[in-house]
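Fair warning: this is a prediction, and the values are worked out from it, not measured in the lab. Sequential numbering from 1 along the given sequence is applied to the chain's residues. Just so it is clear, the values below take in all heavy atoms, side chains as well, and ignore hydrogens, waters and symmetry mates.
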Amino acid sequence: MEWNLYAQLMEEYDSSLTYDGIDGERLASRLHAISKIGLTPDGGSQRPGFSKEEKQAKALVKQWMSEAGLTITEDGAGNVFGRLEGKQPGLPAVLSGSHVDSVPNGGHFDGPLGVLSSLEVVEAWNERGYQPERSYEVVIFSDEEGARFNNGLTGSRAMTGEVDREIQEGLVDQNDVSFGEALKEVGLSSEGFFNAKRNLDEVSHFVEVHIEQGRILEQKNLPAGIVSGIAGPSWLEITFEGTAGHAGNTPMTERRDPLVAAGEFVSNIHYLPKEVSRTAVATVGKLNVQPNGANVIAGKVHLIVDIRDIYEDTRDQLVELVTQQADRIADKYGVTMEGKQILKVAPVPIAPKYTDLLQHTFNNLGMDSHLLPSGAGHDALIVGHQIPVSMLFVRSKDGISHTPEEWSSLNDCVQTVHVLKRYIETHINQ
């Protein structure tokens, strides 16, 4: 049977949600068209950053942008901008969008929904003959996921100038293709990429629609929610080192076992975030034991702690608590501990001014609103370091994302587009 996301989306669609120029059937049709690009045997998406599949998806959206009357430009990082000129084109523009790349065998909503929601606003304005005061740009950022080079949010970092050239040029994918070579494969260049920084005085605000990738909205039975802040990750690389030995011949009293220390450390981390914030989290998802033998006492354990919060001060407090915990446990078991920070990205709390305005928008549409944090990073995180941002989440079924089972109902998607459109018209376009 041929893959048909459109049929699945339309199956339970409430056609009364198609009004004020926003068309659920058009949105479903476009989500389906993009889903066929890089479709995997499991029914998932395979569109790595700077691949021919990502480029093909961008080309399809550019076609729709052109048909909608937008002026299209593309920067040296491959970011695409479709511009609708406002009544006062000299004013800084409002930007809205997301990305079309995916993780390996990912879903069909993460990224494309944000791009197409932003484009649907233009389609609605065209049907109503509405021209915004400020110019409005639909943006497609390149390589948000970072799955190919383990270094994401690439397009938004290039646009805002948050790129370390030495690190970026040193990236190599699993097929030994360098970042520079990957750029050439899709018609870009290193020089163009590193000169893609935009004059952000030209931009007044950025709004992103994205699936939640969690279960809060589902538990609240709400189609959409307002993001209160985007967590910035801080990664700690921790190494416990002891003395390797024979599992049978080394008495328990004479052991310096770093794996025992690491085990207690990982277990205790679970209880630390609540000491600093309701929104803080800490995770150990990667752990390496050396020499990793069944009958050998470990000599060294290497692990990474992913620490996040939407507030920088509490995130950094948690980093300190985790480090102190590692020191204490190392002393307890007679092993050494070495820790260093290998990643630190500033979080972006969304200004209350904008979350309040979004709440008013929900209320005016007769919808209940709920504020929730984003633990995952998004292009809005990077853009938010430089200009004001807002973000809307769409309910995710079972909280699943980054797999072919990722799902948001068309009803929820369309209701969110109505919020986005009304929010921009009423508050952000002034």
Side-chain angles (χ1 to χ4, degrees), residues 103 145-154 157 162-174 179 230-244 255-277 279-293 296-348 374-377 381-382 385 402:
V103 298
E145 298 289 3
R148 182 173 181 183
F149 292 99
N150 295 313
N151 189 289
L153 304 165
T154 310
R157 287 190 295 110
E162 291 193 27
V163 177
D164 184 308
R165 182 161 188 159
E166 183 178 353
I167 292 174
Q168 202 71 34
E169 288 185 328
L171 298 176
V172 178
D173 71 10
Q174 63 181 3
F179 180 74
I230 310 168
S234 177
W235 287 6
L236 287 180
E237 188 176 65
I238 303 284
T239 302
F240 293 102
E241 187 166 2
T243 304
R255 298 187 180 201
R256 295 177 60 246
D257 190 338
L259 187 53
V260 174
E264 182 170 325
F265 173 72
V266 172
S267 179
N268 287 358
I269 278 178
H270 178 79
Y271 303 99
L272 295 179
K274 66 182 180 182
E275 294 187 20
V276 300
S277 166
T279 52
V281 294
T283 307
V284 175
K286 183 174 184 179
L287 187 145
N288 180 267
V289 181
Q290 298 174 9
N292 204 29
V296 181
I297 300 166
K300 184 183 295 187
V301 177
H302 174 88
L303 56 88
I304 294 176
V305 190
D306 182 315
I307 301 166
R308 304 183 185 222
D309 199 0
I310 62 175
Y311 306 107
E312 189 164 20
D313 57 345
T314 49
R315 192 273 309 274
D316 292 347
Q317 285 177 38
L318 183 53
V319 169
E320 183 63 27
L321 283 179
V322 169
T323 303
Q324 291 172 2
Q325 186 77 261
D327 278 328
R328 182 188 66 78
I329 291 173
D331 287 343
K332 178 181 177 179
Y333 291 101
V335 299
T336 63
M337 190 284 291
E338 181 180 341
K340 63 179 179 179
Q341 193 164 57
I342 59 173
L343 175 70
K344 185 177 183 180
V345 179
V348 173
S374 172
L381 171 67
I382 300 300
H385 292 156
H402 284 184

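- By the side chain to side chain contact (heavy atoms under 4.5 Å, CB included) test, Ile329 is found to be paired with Ala261, Glu264, Phe265, Asn268, Gln325, Tyr333, residues two or more places apart in sequence or in another chain being considered.
- Residues Ile304 and Ile342 have side chains in contact (heavy-atom distance under 4.5 Å, counting atoms from C-beta outward).
- Residues passing the salt bridge (charged side-chain N to carboxylate O under 4.0 Å, His left out) test with Asp306, sequence neighbours excluded: Arg308.
- With sequence neighbours excluded, the residues that form a side chain to side chain contact (heavy atoms under 4.5 Å, CB included) with Val163 are Arg157, Ala158, Gln168, Phe193, Phe194.
- For Glu312, there are no side-chain hydrogen bond (donor to acceptor under 3.5 Å, both in side chains) partners at least two apart in sequence or on another chain.
- Scored by the side-chain hydrogen bond (donor to acceptor under 3.5 Å, both in side chains) test, Gln341 finds Ser234 as partners (sequence neighbours excluded).
- Lys274 meets the salt bridge (charged side-chain N to carboxylate O under 4.0 Å, His left out) test with no other residue; sequence neighbours excluded.
- In terms of the salt bridge (charged side-chain N to carboxylate O under 4.0 Å, His left out) criterion, residue partners of Lys344 (sequence neighbours excluded) are, by chain and number, Asp316.
- Applying the side-chain hydrogen bond (donor to acceptor under 3.5 Å, both in side chains) test to Arg256 and every residue at least two apart in sequence or in another chain returns Thr243.
- The minimum heavy-atom distance linking Val296 with Pro291 is given by the pair CG1-CG, 3.5 Å.
- For Glu338, the salt bridge (charged side-chain N to carboxylate O under 4.0 Å, His left out) test picks out no residue, with sequence neighbours left out.
- Listed by chain and number, the residues in a side-chain hydrogen bond (donor to acceptor under 3.5 Å, both in side chains) with Glu320 are Gln324 (sequence neighbours excluded).
- Judged purely by atom type and a 3.5 angstrom limit, Arg315 has no side-chain atom pairing as donor or acceptor with the backbone of Pro347.
- For Val276, the side chain to side chain contact (heavy atoms under 4.5 Å, CB included) partners are Ala280, Thr314, Gln317, Leu318, Leu321, not counting sequence neighbours.
- Judged purely by atom type and a 3.5 angstrom limit, Ser267 has no side-chain atom pairing as donor or acceptor with the backbone of Gly263.
- Among all heavy-atom pairs drawn from Leu343 and Val345, the shortest one is CD1-CG2, 3.9 Å.
- Summarising the geometry of Pro273 relative to Ile269, their closest heavy-atom pair is CD-O, 3.1 Å, with the distance given to 0.1 Å.
- The ring-ring contact (aromatic ring centres under 6.0 Å, His included) test applied to Tyr311 returns no partner, not counting sequence neighbours.
- Annotation for Ala262 and Leu303: closest pair CB-CD2, 4.1 Å, computed over non-hydrogen atoms.
- Closest heavy-atom contact between Val335 and Glu241: CB-O, 3.2 Å.
- Side-chain atoms of Phe149 and Thr154, non-hydrogen and from C-beta on, never get closer than 4.5 Å to each other.
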